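Scroll down for the structure; my scribbles are underneath it.
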Protein chains: 2
Amino acid sequence: MSPKYKQVAEQIETDIMNHVYQHTNKLLTEDEYATKYGVSRNTVRKAIEILVNKGYVYQVQGSGVFVRDHYMSDYVNLEKLQGLTSDFSGRKVETRVLDFELTTANDEVAERMKCNVGTPVYYVKRLRLVDDHPFSVEDSYFRKDLVVYLDRNITEKSIYNYFRNDQKLAIGFADRVIYADFLNAADAELLGLNENDPALLVDNTVYLTNGQIFDVSRSTHHFRHVKMLKVSNIKS
Amino acid sequence: MSPKYKQVAEQIETDIMNHVYQHTNKLLTEDEYATKYGVSRNTVRKAIEILVNKGYVYQVQGSGVFVRDHYMSDYVNLEKLQGLTSDFSGRKVETRVLDFELTTANDEVAERMKCNVGTPVYYVKRLRLVDDHPFSVEDSYFRKDLVVYLDRNITEKSIYNYFRNDQKLAIGFADRVIYADFLNAADAELLGLNENDPALLVDNTVYLTNGQIFDVSRSTHHFRHVKMLKVSNIKS
DNA sequence: AAGTGGTCTAGACCACCGT
DNA sequence: CGGTGGTCTAGACCACTTC
């Protein structure tokens with residue numbers, strides 16, 4: 001059972017997507033939502049906070065909550081942790097598994113995972129495509145002792161849905177380091193680009209709720225097809 | 001007067017920076033902070049939420065709040081909107097104004113600012129350096145009618161502190177689009193790189209609290225010296 | 001079972017926007 | 001001035017971790 005504030009957030013988000021507030025661009029007041037959904041005002045505020053963080057609405061004290069123009073659909077939204085399918089819903093998202101093996105952590109992986117060299121890890125290399133355009137090449141390592149089981153079939157689909165729903169893994173938080181570098185020959189080939197073209201790289205470190213690292217990955221993105229979006233408030 | 005939850009957050013942040021919790025990596029409990037600072041538990045929770053979003057701590061239900069390893073000091077933290085000085089506190093941050101003029105919005109700027117072509121804007125081109133290394137080249141436009149006044153001297157320092165503190169501008173939120181591309185010859189020269197090297201670009205759009213765009217900028221970052229960090233929770 | 005964070009409520013009062 | 005979001009409180013109960 002998902003908490004009330006999430007349910008309310010989803011309801012309001014659906015309304016926004018269905019252009020319910022198109023005339024004025026203004027949402028209902030917090031009190032109105034509280035009455036409508038039979039919850040307290042604080043619960044409504046937590047729900048709206050989620051939508052603010054996603055970049056869907058903005059709040060003006062004394063005035064109301066307003067829908068933002070969301071030209072956002074072509075970007076990877078850095079607020080949403082889920083992955084491509086949710087960023088590009090309604091578009092064709094494809095995954096090709098290029099390599100899958102059970103191996104052990106080398107120096108670099110052990111360093112990134114803060115584990116010992118030789119720790120058993122699953123290694124997965126995948127090519128992601130959106131609307132038939134190469135999108136990114138992704139090298140991932142998962143700690144075998146923490147994820148219990150993984151196979152090639154699972155990696156064809158959403159690995160994270162499997163971890164969350166089937167393995168009941170308690171995924172907590174993630175760091176992403178974003179930078180640019182030269183594209184190497186192998187990735188250039190896969191992305192349909194040239195060696196030494198620019199590449200947009202993301203080094204991802206994923207933690208369980210208890211702070212243990214169970215997954216590190218590096219994604220090399222097609223510099224023409226991929227842009228990332230970060231929305232910020234001043235309050236932070 | 002800053003709200004209580006911010007003050008509490010700052011206090012706890014100072015404690016973290018001073019290694020007060022180093023032995024166990026564990027913060028006090030929420031109830032303990034509530035007693036210590038004479039506030040309600042919800043206020044403590046809002047304070048801790050800020051620290052979570054900054055990536056300083058993580059929460060484990062039933063267990064406590066724990067300090068994260070913060071190797072984060074070499075990155076531009078995408079959570080913090082303030083700018084280089086706060087990301088690289090303790091390091092030498094320098095700004096060289098390369099160009100400053102009062103002009104009017106051309107097609108591209110008008111499009112990005114969602115204003116009419118010909119709207120008066122300040123244009124500023126700046127080179128940023130950290131520890132004497134070229135860091136980024138930044139092209140900014142500010143709507144003259146919204147920022148009232150700007151001059152070259154102000155742009156040498158923190159433009160945003162001036163807007164916030166002196167002009168009392170109500171800055172609300174910002175979008176940043178992050179991508180990679182080839183470095184052009186002019187920026188390569190300024191950054192001490194070669195033409196067609198990779199570049200890490202950020203297109204920034206800044207809004208007042210009422211939703212009006214008053215600043216757009218494009219930063220071209222040195223791909224060897226700049227990495228950006230985004231920390232995420234699952235809750236979003 | 002005890003400790004600790006997560007959700008939720010009802011209500012008070014303040015700060016800001018618009019008329 | 002009334003309307004609306006922003007801050008804050010005190011307290012209840014739940015969910016999870018730890019012993």
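We name chains A, B, ... by the order of the sequence lines, and we start the count at 1 in each one. Here the structure is a predicted model, which means the values were calculated and not measured.
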For nucleotides 8-10 of chain C, give me every protein contact, N/O to N/O, under 3.5 Å, one pair per line with atom names.
from	atom 1	to	atom 2	distance (Å)
C/dC8	OP1	A/Lys4	N	2.6
C/dC8	OP2	A/Lys4	N	3.2
C/dC8	OP2	A/Tyr5	N	3.3
C/dC8	O3'	A/Lys4	NZ	3.4
C/dT9	OP1	A/Lys4	NZ	2.9
C/dT9	OP2	A/Ser40	N	2.8
C/dT9	OP2	A/Ser40	OG	3.0
C/dT9	OP2	A/Thr43	OG1	2.5
C/dA10	N6	A/Asn42	ND2	2.8

Worksheet item: In whole Å, what is the span from the CG atom of B/Asp31 to the C1' atom of D/dA12?
Response: 13 Å

Response to the item:
Rounded to whole Å, CD of A/Glu30 lies from C1' of C/dG11 at a distance of 15 Å

Look for any protein N or O under 3.5 Å of an N or O in nucleotides 15-19 of chain C and output each such pair with its distance, or none.
from	atom 1	to	atom 2	distance (Å)
C/dA15	N3	A/Gln61	NE2	3.4

Worksheet item: Can you tell me if NZ on A/Lys157 sees more than 12 non-hydrogen neighbours from other groups inside 6.0 Å?
Response: no

Item to complete: Nearest whole angstrom, please: distance from the C1' of D/dC16 to the CG of A/Leu169.
Response: 16 Å

Worksheet item: Atom CD of A/Glu49 to atom P of D/dG6: distance rounded to whole Å?
Response: 10 Å

Practice prompt. Report the relative orientation of the aromatic rings in A/His221 and A/Phe135; use parallel for angles under 30°, tilted for 30 to 60°, perpendicular for over 60°.
Written response: perpendicular

Fill in: Minimum side-chain heavy-atom gap B/Tyr37-B/Thr43 below 4.5 Å
no

Worksheet entry | Geometric class of the A/Phe163/A/Phe214 ring pair [parallel <30°, tilted 30-60°, perpendicular >60°] | perpendicular

Fill in: B/Thr209 vs A/Gln61 side-chain heavy atoms within contact, under 4.5 Å
no

Item to complete: Rounded to the nearest angstrom, tell me the gap between atom CG in B/Leu28 and atom C1' in C/dG5.
Response: 14 Å

Practice prompt. Could you tell me the separation between the CZ atom of A/Arg45 and the P atom of D/dT4, rounded to a whole number of Å?
Written response: 14 Å

Worksheet entry | Nearest-0.5 Å distance that lies between atom NZ in B/Lys125 and atom OG1 in B/Thr155 | 13.5 Å

Worksheet entry | Flag if over 12 foreign heavy atoms under 6.0 Å of CD, A/Gln167 | yes

Item to complete: Describe, in one word, how the ring planes of A/Phe173 and A/Tyr207 are oriented to each other, choosing from parallel (under 30°), tilted (30 to 60°) and perpendicular (over 60°).
Response: parallel

Worksheet item: Whole Å only: how far is the CD1 atom of B/Ile48 from the P atom of C/dT7?
Response: 14 Å

Discussion item. Rounding to an integer number of Å, can you tell me how far A/Gln59 CD sits from D/dG3 P?
Written reply: 20 Å

Worksheet item: Does the pair B/Asn77 and B/Tyr75 meet the rule for a side chain to side chain donor-acceptor pair (under 3.5 Å), with working shown?
Response: CA-CA 6 Å; B/Asn77 190 332; B/Tyr75 304 117; over 6 Å; no

